[in-house]
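In the text below, chain A, chain B and the rest are named by the order of the sequence lines, each starting its count at 1.
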Amino acid sequence: MAEFDLDSSFIPALHKPAALLPIAKHRESLLYVIETYPVTIVIGQTGSGKSTQIPQFLKSAGWCSDGKTIGVTQPRRVAVTTVAVRVAEEVGCEIGKEVGYSIRFEDITSSATRVKFLTDGLLIREALVDPLLSRYSVIMVDEAHERSISTDILLGLLKKIRKKRPELRIIISSATLQAEGFLKFFTRSSDEQAPKEDGEKKDDVGKIVSLEGRTYPIDVLYLESPADNYLERAIDTVLDIHAQEGEGDILVFLTGREEIDHAVQATSERAAQAGSRYGAIQPLPLYAGLSTEQQMYVFDKPPEGTRKVIFSTNIAEASVTIDGIVYVIDSGFVKLRAYSPMTGIESLTATPISKASASQRAGRAGRTKPGKCFRLYTEQHFEGLADANAPELQRSNLAPVILQLKALGIDNVVRFDFLSPPPSELMSKALELLYALGALDEYAKLTRPLGFRMAELAVEPMMAKTLLSAQSFSCLSEMLTIAAMTSLGGSVWFYHDGDQKRMENSRRKFAVEEGDHLTLLNVYTAFVTRGNKESRFCHDKNLNYKSMTRAVSIRGQLKRYLERFNIVVDESLASQPKGDASKTAEQIRRCLTSGYFAHAARMQPDGTYRNVAGGTVLHAHPSSLMFNRKADWVVFHEVMETGEKTFIRDITKIEKGWLLEYAPEFYKVTDTRSREVV
DNA sequence: GAGCACTGC
């Protein structure tokens, strides 16, 4: 294995030399299994080197001869770029040559690229133009145990492709608990009724390979009796560790921003009270809502003799890796998204974690030396936890999924071979919406051109419909901007502690009477004109610069899609001062109604809203312009239940008559529980 | 009066 010694001399000291990674000694057996079986399930912990080493093994074993490519997917963009750069370094090539990567807005590949890293969502997109993914000899699906929507769809597609391409090799990297499930999925017949299509025996399909685990042991400790307040218990535990345990930083898993801000403050106060008996302690927050700059503090080395304590959301479970963590405190909870097919309402609530999550969290302790994990629950409670969380596909709005599957030529989506089939109510709800939007015809076939175009646009179906109607409302340029801004998901504004008033003042300056969508349009226009797309402008106005530049990219991409559909975007109208701004505003509101009619609500005398079905009490989110303002009918981008209340966000005033005008069938009076507009 | 985390040529 001389090549590893050679390679290792080029690796920065920061990196663990390849030859020392546990995986190196499995090289031959791994290659044998991949050669022999179409499907290989690889079990390996973080740090085992599977993501970086397996592609190199495959390359040196000749899997890219005759011009074929090895594809490696990751669920997240950052993972794609970091792993690709690392492998390019180890191979000793420039990134984008032999080793490259591709993520949305960034394609760092060339005709020479033989090992290609990409997001699993992007590989699905490639299947739209190359249904058999024929350029790949091997596809490795990394972090499959996370069970993201894209990963699940990709696995279903790969199972289908395998029947037509028996020579294709599929490698799935998984955590221990899920490995059997993946293997069963690929070995079971995709259609139990159908006669066996070939002579392939189940044992010939795949094999599980376990790579040696981590190097450092982790002591797991449980509470003797349940904690009645895990937040206070977490803070106590931090201070106990600080007083009693040896050197090393602490990572605490909590559920959200509110808890984390409280914990950070309480910890500093209590450490100050304890005085100088112990060394200094530095509590830091970590959650996605922080600006990149604020997030970076958690990676800084604390001053000599100071112990760093990071209070984090689930972001530190898989997405962000911090070195130097020796102690993990696990609250046992996570905030999870769910979707109710009955009401169409998404919710975000704290739920107990799974066993898989618990072990992933514990594993964050032992990366550099032996560690300890303090679980703020009893061992009995742990035994009662589910093995894994329900996959995302089973708790999401499936409209985008169905659109994508149909575009891939899978017409019978109900019979699609899902790793875990979603509940049928989710399916029917999504089909109903797609039909109402005109994406599907009465035979549930994708319509031409509308349905196909909606599937290709990288925005959710209601916004896709809105965009594709915009030309007829003469507000295409404006709607492109609104689509880009809403797809940022609320990260437009930022503030530091105590900065909130300033942010709200700034936000008020961009406000437009008719609602949030027009306000977002205003913000974007100011950023690209007055603001010159500069970060200073954003900083002054409490705008998130990263989000704003992202909006520019998304807008550009959506515009290119439309141009590919031969829809001309006239930008001259958008930039010049409008003689009749109110007329354009009305066109925009009408256009929004044509796509968001299913998200309509009417204000009640008490100031809350009711959706058209009548049942649910909706509150304007405090971040909305419509919060505490009078309106009659509105459409909204998103509805979410958190804690006790159900909020609507990104709200725009409309006229009741428009609903009947643009969605006559949806609002047709048929029976007593219909969506009657009164 | 307030939202976990991802993502799409």
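- There is a side-chain donor-acceptor pair under 3.5 Å between Asn542(A) and Arg502(A).
- With rounding to whole Å, Leu408(A) atom CG is found 16 Å from dG8(B) atom P.
- The OH atom of Tyr339(A) sits 23 Å away from the P atom of dC6(B) (whole-angstrom rounding).
- Across the interface with DNA chain B, nearest-nucleotide mapping of Val459(A) and Thr255(A) shows Thr255(A) to be the residue nearer the 5′ end.
- Considering only side-chain atoms of Arg76(A), the nucleotide from dC6(B), dG1(B), dC4(B) that sits closest is dC6(B).
- The pair Lys501(A)-Glu504(A) does not count as a salt bridge, with every side-chain nitrogen at least 4.0 angstrom from each carboxylate oxygen.
- If you measure from atom CD of Gln74(A) to atom P of dG8(B), you get 12 Å, rounded to the nearest angstrom.
- In this structure, Glu126(A) and Leu348(A) both approach DNA chain B, and ranking their closest nucleotides by distance from the 5' end singles out Leu348(A).
- Side-chain proximity of Arg77(A) to the nucleotides dC4(B), dA2(B), dG8(B) is greatest for dG8(B).
- Phe105(A) comes within contact range of no nucleotide atom at all, as no heavy-atom separation falls under 4.0 Å.
- No hydrogens or angles were tested; on distance alone, nothing pairs the side chain of Glu460(A) with the base of dG8(B) as donor and acceptor under 3.5 Å.
- Residue-level contact check: Ser623(A) touches neither bases nor backbone, having no heavy atom under 4.0 Å from any strand.
- Atom pair Leu123(A):CG and dC6(B):P shows a separation of 21 Å (rounding to whole Å applied).
- Here side chain to side chain donor-acceptor pair (under 3.5 Å) pairs that include residues 453-467 of chain A, with residues two or more places apart or in two chains, are Glu456(A)-Arg564(A), Glu460(A)-Tyr596(A).
- Of the side-chain N and O atoms in Thr119(A), one or more sit less than 4.0 angstrom from OP1 or OP2 of dG8(B).
- Out of dC4(B), dC6(B), dG8(B), the shortest distance to the side chain of Thr313(A) is found at dC4(B).
- Here dG8(B) presents its P atom at 13 Å from CD of Glu392(A), a figure rounded to the nearest Å.
- For Glu146(A) against dA5(B), a side-chain-to-base donor-acceptor contact under 3.5 Å is absent.
- Pairs of Watson-Crick or G-U wobble type, with distances under 3.5 Å, never assemble into runs of 3 or more in DNA chain B.
- To the nearest angstrom, C1' of dC4(B) lies 8 Å from CZ of Arg337(A).
- The pair Arg337(A)-Glu641(A) does not count as a salt bridge, with every side-chain nitrogen at least 4.0 angstrom from each carboxylate oxygen.
- Counting heavy atoms of neighbouring residues, nucleotides and ligands inside a 6.0 Å radius, atom NZ of Lys653(A) exceeds 12 of them.
- Atom OH in Tyr561(A) sits about 7 Å away from atom C1' in dG8(B), given to the nearest Å.
- Across all strands, Glu638(A) comes closer than 4.0 Å to base atoms (heavy-atom distances).
- Here dG1(B) is the nucleotide among dC6(B), dC4(B), dG1(B) with the atom lying nearest to any side-chain atom of Glu504(A).
- Using a 4.5 Å cut-off on side-chain heavy atoms (C-beta onward), Met548(A) and Asn544(A) make no contact.
- Looking only at atom types and distance, the side chain of Glu644(A) has no donor-acceptor partner in the side chain of His619(A) under 3.5 Å away.
- Donor-acceptor pairing under 3.5 Å is recorded for the side chains of Ser357(A) and Glu317(A).
- Distance Glu258(A) CD to dC4(B) P: 8 Å, rounded to the nearest Å.
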